[in-house]
There are 2 protein chains.
Amino acid sequence: MVTIYDVSERAGVSLATVSRVMNNNARVSDKTKAKVLQAMADLGYRPNAIAKGLASSRSNSVGVLISELHGPFYGMMMSAIETELRKHDIHSIFAAGHSDAAKEEDAVNFLLSRRCDALILYVEAVSDEFLVELNKRGTPIVVLGRDIKNLQPQCINLDNEQGGYLAAKYLLDAGHRDIAYISGPLWKVDTQDRLAGHRRALAEHQLTFDESLLIEGDFQEEGGVDGLNKLLSSGRPFTAVACGNDEMAAGAMAAARDAGMTLPDDLSIVGFDNVAYSRFVYPKLCTVNYPVREMAEMATHWVLRQVYDHTRFEIENTFTPVMVERNSVLRVQK
Amino acid sequence: MVTIYDVSERAGVSLATVSRVMNNNARVSDKTKAKVLQAMADLGYRPNAIAKGLASSRSNSVGVLISELHGPFYGMMMSAIETELRKHDIHSIFAAGHSDAAKEEDAVNFLLSRRCDALILYVEAVSDEFLVELNKRGTPIVVLGRDIKNLQPQCINLDNEQGGYLAAKYLLDAGHRDIAYISGPLWKVDTQDRLAGHRRALAEHQLTFDESLLIEGDFQEEGGVDGLNKLLSSGRPFTAVACGNDEMAAGAMAAARDAGMTLPDDLSIVGFDNVAYSRFVYPKLCTVNYPVREMAEMATHWVLRQVYDHTRFEIENTFTPVMVERNSVLRVQK
DNA sequence: CTTTCTGGTGAAAGCGCTTACATTTAGGTT
DNA sequence: AACCTAAATGTAAGCGCTTTCACCAGAAAG
């Protein structure tokens with residue numbers, strides 16, 4: 001491997017000078033700069049980012065911790081962050097936390113051990129205190145999809161409660177009264193908030209939520225399948241089902257159809273997230289838009305601003321969901 | 001940041017000893033080991049992976065280059081690789097090549113500059129020679145989804161031609177004769193191979209492929225939508241359409257329905273890849289299984305074997321696609 | 001013609017680890 | 001008691017860079 005030393009020798013200058021032209025952060029005469037550049041080209045020199053990081057305690061990389069490396073939601077998040085960072089020549093290092101506290105901490109340690117300049121965290125299992133403590137450890141962090149007291153300015157979040165409210169309201173306005181709910185894992189804050197919004201909408205219509213129409217899912221397609229089957233076999237009547245996310249809505253659709261139902265005639269369904277493929281299921285899914293890309297970009301801007309001094313970026317901490325109307329909900333006549 | 005030096009001081013031993021207990025690769029008495037461990041715990045020491053990498057020229061990380069960070073196909077690939085590597089305490093660093101030669105080279109350089117111990121590459125735009133040259137540069141590489149002469153043992157690939165053949169044959173066996181094809185970008189090898197298989201199946205049935213029924217897509221849902229619309233507006237009759245991948249098949253389904261068709265009665269559709277959500281579109285998609293997970297794991301095993309000396313792994317270079325029968329194809333009576 | 005800058009460059013001390021090699025220590029052997 | 005051996009530990013030289021500081025021209029100023 002050719003090093004900066006080889007380059008300096010060939011160019012007939014010192015190590016320091018080579019370093020200077022690499023980073024061009026100091027004045028170097030055009031003549032020597034040319035010599036060095038030439039030597040680099042001749043030798044096919046490529047800087048060692050590791051050594052650079054060690055010497056400068058700046059890695060030019062930011063750690064990104066998400067729950068999974070697959071799925072439309074996280075996929076969009078990763079893409080948005082990577083695209084935005086790469087514009088500024090900063091690299092992303094991704095790690096998966098798998099919605100498990102121990103694994104999330106592990107992943108944080110991994111990212112920290114690689115001396116990321118900052119961390120973008122979408123973590124679900126770890127406690128608020130953990131994050132507050134982590135924040136004190138020196139590496140700047142920004143938290144996605146969570147609201148943490150004492151860390152407000154570093155949190156980028158969606159108003160999930162409002163989202164849940166919108167979805168339920170949409171169903172209510174369409175005339176539905178018997179509304180089932182397939183939620184995400186109940187320990188997750190997102191799940192709780194969305195459900196709370198759902199309840200608020202019902203209350204506004206003087207309706208109480210029938211708890212036997214609540215099924216806990218897993219935010220996966222299969223969870224939607226199981227959820228709908230459970231609802232069906234419970235024998236309780238319902239004309240609509242609100243799902244904790246789009247994947248479960250897709251699963252619920254498949255299950256409903258397997259049970260011989262016609263959609264949306266026999267059952268109306270709403271999702272949450274507005275992932276890319278929600279437009280391609282049948283019927284096209286009515287869902288709540290989760291502006292993941294924008295939020296991921298915002299988190300990235302926070303980092304760009306705080307860590308890399310791009311002060312032109314304005315930070316906005318809370319995003320508002322909106323309802324996306326498509327064809328999966330039937331208007332019922334009163 | 002607490003360093004190995006702080007630990008050594010507190011434990012009353014030398015740097016070397018601390019290093020030894022960290023890596024436990026040399027004999028250290030139980031007594032001193034305990035002292036060191038205690039000191040580490042007291043200080044909350046976390047090793048600096050960067051420094052470690054520099055000193056040992058081993059980063060314990062492998063670089064993974066894929067085309068996109070989103071999408072069901074790459075999502076599965078990333079997940080599989082990360083899961084497999086993490087079992088052995090090796091980290092993955094992901095980079096996106098965006099199917100563009102310059103960006104792919106960039107990403108390779110990024111991964112190389114971070115001194116990955118090995119590279120797993122799913123690259124589409126870069127030339128075979130580039131990869132052959134890269135291979136000589138010292139860092140072991142394994143290539144996914146490509147067959148390269150002179151690099152055979154390091155290639156893990158699917159028989160795409162056979163996959164294309166199977167999809168077409170499935171349609172033919174169901175009685176279809178007028179079969180349209182929405183392909184991926186034609187410059188991609190995968191696209192060409194699948195199409196070649198498609199042609200072979202037709203030829204076997206003494207049919208020639210009507211070139212006006214071939215539409216070039218982009219492997220995205222939207223490409224499927226556009227593709228089907230173009231086919232429809234061409235006025236040419238067709239009873240089935242084979243798609244270059246599942247995303248386009250989903251798009252084609254949506255477009256067909258928007259055009260007033262009933263599926264699969266008015267149009268049969270097959271996809272390719274068998275991505276997770278293909279079971280959740282309606283009708284459930286008939287598709288060719290691309291064993292991404294297995295292939296990604298195989299690539300990982302190659303690395304584990306070659307670079308990290310886990311000789312127990314057996315390597316298999318070529319995978320065979322199989323047809324997944326579901327409900328998107330109508331059997332027509334002859 | 002001396003003084004004062006200042007732009008350009010080099011020397012060398014780290015950054016936090018690993019790892020040959022040297023040294024010490026503690027048990028055997030005879 | 002002298003000697004040998006192997007295990008345990010320490011010493012110090014890097015790994016490939018950055019960065020402070022010092023230095024030296026030559027230009028500008030007096």
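Convention: sequence-line order gives letters A, B, ...; per-chain numbering from 1.
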Inset, instruction - Give a yes or no answer on whether the side chain of B/Arg20 reaches the backbone of B/Ala26 with a donor-acceptor pair at less than 3.5 Å. - result: no

Inset, instruction - Flag the pair A/Arg146 / A/Leu151 as yes when at least one side-chain heavy-atom distance between them is below 4.5 Å, and no otherwise. - result: no

Legend entry - Nearest listed nucleotide, side chain of A/Tyr45, among C/dT18, D/dC15, D/dC17: D/dC17

Legend entry - Nucleotide nearest A/Arg20 when distance is taken to its side chain, options D/dC21, C/dC17, D/dC17: D/dC21

Legend entry - B/Leu54, nearest nucleotide to its side chain (from C/dA11, C/dG16, D/dT18): C/dG16

Inset, instruction - Provide, to the nearest angstrom, the distance between the CD1 atom belonging to A/Ile50 and the C1' atom belonging to D/dG16. - result: 11 Å

Legend entry - Distance-only donor-acceptor check, side chains A/Asn109 and A/Glu105, under 3.5 Å: no

Legend entry - Proximity to the side chain of A/Arg27 - top-ranked nucleotide from C/dG7, D/dT9, C/dT19: C/dG7

Legend entry - side chain to side chain contact (heavy atoms under 4.5 Å, CB included), paired with A/Val123, selected from A/Ile141, A/Leu144, A/Leu131: A/Leu131

Inset, instruction - To the nearest Å, give me how far apart OH (A/Tyr5) and C1' (D/dG16) are. - result: 13 Å

Inset, instruction - Measure the distance from CD1 on A/Ile4 to P on C/dA11 and round it to the nearest whole Å. - result: 14 Å

Inset, instruction - Please confirm whether B/His91 and A/Phe110 have ring centers closer than 6.0 angstrom. - result: yes

Inset, instruction - Could you tell me whether the phosphate oxygens of D/dC15, OP1 or OP2, come under 4.0 Å of any side-chain nitrogen or oxygen in B/Ser57? - result: no

Inset, instruction - Would you mind reading off the distance between B/Asn23 atom CG and C/dT19 atom P, rounded to a whole angstrom? - result: 7 Å

Legend entry - Sugar-phosphate only, base, or nothing, as touched by B/Val18 at under 4.0 Å among non-hydrogen atoms: nothing

Inset, instruction - Can you figure out which of D/dG16, C/dT19, C/dA11 approaches the side chain of B/Ser56 most closely? - result: C/dT19

Inset, instruction - Could you tell me whether the phosphate oxygens of D/dT9, OP1 or OP2, come under 4.0 Å of any side-chain nitrogen or oxygen in B/Thr32? - result: yes

Inset, instruction - Rounded off to whole Å, could you give me the CD-to-P distance for the B/Glu9 and C/dG16 pair? - result: 14 Å

Legend entry - Closest to the B/Ala16 side chain, choosing from C/dC17, D/dT9, D/dA12: D/dA12

Inset, instruction - Establish, from distance only, whether the side-chain atoms of A/Glu124 and A/Ser99 form a donor-acceptor pair under 3.5 Å. - result: yes

Inset, instruction - Respond yes when some side-chain nitrogen or oxygen of B/Asn48 is under 4.0 Å from OP1 or OP2 of C/dC15, and no when none is. - result: no

Legend entry - Side-chain N,O (B/Thr3) to OP1/OP2 (C/dG16) below 4.0 Å: no

Inset, instruction - To the nearest Å, give me how far apart NZ (B/Lys33) and P (D/dA7) are. - result: 15 Å

Close N/O contacts between protein and nucleotides 23-26 of chain C (under 3.5 Å):
none

Inset, instruction - Taking the side chain as every heavy atom from C-beta outward, state whether A/Asn317 and A/Gln152 have any pair of such atoms under 4.5 Å apart. - result: no

Inset, instruction - Establish whether the base of D/dG16 is bridged to the side chain of B/Arg115 by a donor-acceptor pair shorter than 3.5 Å. - result: no

Inset, instruction - Measure from the side chain of B/Thr17, starting at C-beta and using heavy atoms only, and say which of D/dG10, C/dC17, D/dT18 lies closest. - result: D/dG10

Legend entry - Shortest side-chain distance from B/Ala55, nucleotide among C/dT18, D/dG16, D/dC21: C/dT18

Inset, instruction - Calculate the interatomic distance between B/Lys52 atom NZ and C/dC17 atom C1'; express it in whole Å. - result: 9 Å

Legend entry - Side chain proximity check, B/Pro140 to B/Val303, heavy atoms < 4.5 angstrom: no

Inset, instruction - Starting from the 5' end of DNA chain D, give me the residue, B/Val13 or A/Asn25, whose nearest nucleotide shows up first. - result: B/Val13

Inset, instruction - Check B/Leu65 against B/Ala96 and note the closest heavy-atom contact, atom names and distance. - result: CD1-C, 3.8 Å

Inset, instruction - Compare side-chain N and O positions of B/Ser29 against OP1 and OP2 of D/dA7 and report whether any pair is under 4.0 Å apart. - result: no

Legend entry - Atom-to-atom span, CG of B/Asn24 to P of C/dT19 - whole angstrom: 13 Å

